[in-house]
Q: 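Submitted below is the structure of interest, expressed as structure tokens.
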Amino acid sequence: MSIVQIAQSLHWQGWVRHGLRWHRRSDRGWIALLKEWWRRMQDRRTLATMSEQSLRDIGISRYDAEFEARKPFWRA
């Protein structure tokens, strides 16, 4: 199933929970949200596999990298 198909099926459900409020999303909104989630997931996987030297180069401790990598993709 493509990202567009997922977005369209979610759009037909009509609502997405965001915090404590419910917001209606357009097709473009769903696609943007799914792309953001995908990017976060990929970035966190990469962060989890970085070497100590690479983490030092970007100014992140191993603890911070592991903390970020353990977050679910939907959490910013």
Side-chain angles (χ1 to χ4, degrees):
M1 185 177 275
S2 72
I3 289 178
V4 172
Q5 290 169 324
I6 293 169
Q8 288 172 343
S9 70
L10 291 173
H11 175 72
W12 289 114
Q13 292 175 8
W15 299 93
V16 61
R17 186 171 176 181
H18 185 72
L20 299 175
R21 298 177 301 174
W22 291 85
H23 296 283
R24 187 135 175 97
R25 287 196 185 271
S26 67
D27 288 343
R28 287 186 201 180
W30 279 112
I31 292 169
L33 178 65
L34 292 172
K35 285 181 178 180
E36 176 67 19
W37 284 352
W38 182 259
R39 186 194 57 78
R40 282 184 197 161
M41 186 175 62
Q42 297 293 56
D43 289 350
R44 289 175 179 162
R45 283 182 185 167
T46 301
L47 193 58
T49 61
M50 290 177 78
S51 69
E52 291 296 326
Q53 181 62 42
S54 296
L55 290 173
R56 274 196 302 270
D57 288 346
I58 62 172
I60 298 176
S61 70
R62 173 58 61 190
Y63 174 81
D64 291 338
E66 289 177 4
F67 180 79
E68 185 66 27
R70 287 188 183 127
K71 285 183 184 179
F73 63 86
W74 60 85
R75 189 172 299 154

Q: Quick check: is Leu47 connected to Met41 through a chain of hydrophobic side chains (ILVMFWY, heavy atoms under 4.5 Å apart)?
A: no
Q: Can you check whether Glu36 reaches Arg40 side chain to side chain, under 4.5 Å on heavy atoms?
A: yes
Q: Is there a side-chain contact between Ile60 and Met50, using heavy atoms and a 4.5 Å cut-off?
A: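 Side chain of Ile60 against side chain of Met50, heavy atoms only: no contact under 4.5 Å found.
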Q: Using the side-chain contact (heavy atoms from CB on, under 4.5 Å) definition, which of the options Arg70, Lys71, Glu66 pairs with Glu68?
A: Lys71
Q: Please give me the minimum heavy-atom distance between Arg44 and Ala69, naming the atom from each residue.
A: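 Heavy atoms of Arg44 and Ala69 come nearest at O-CB, 3.7 Å.
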Q: Roughly how far apart are Gln42 CD and Phe73 CZ, rounded to 0.5 Å?
A: 12.0 Å
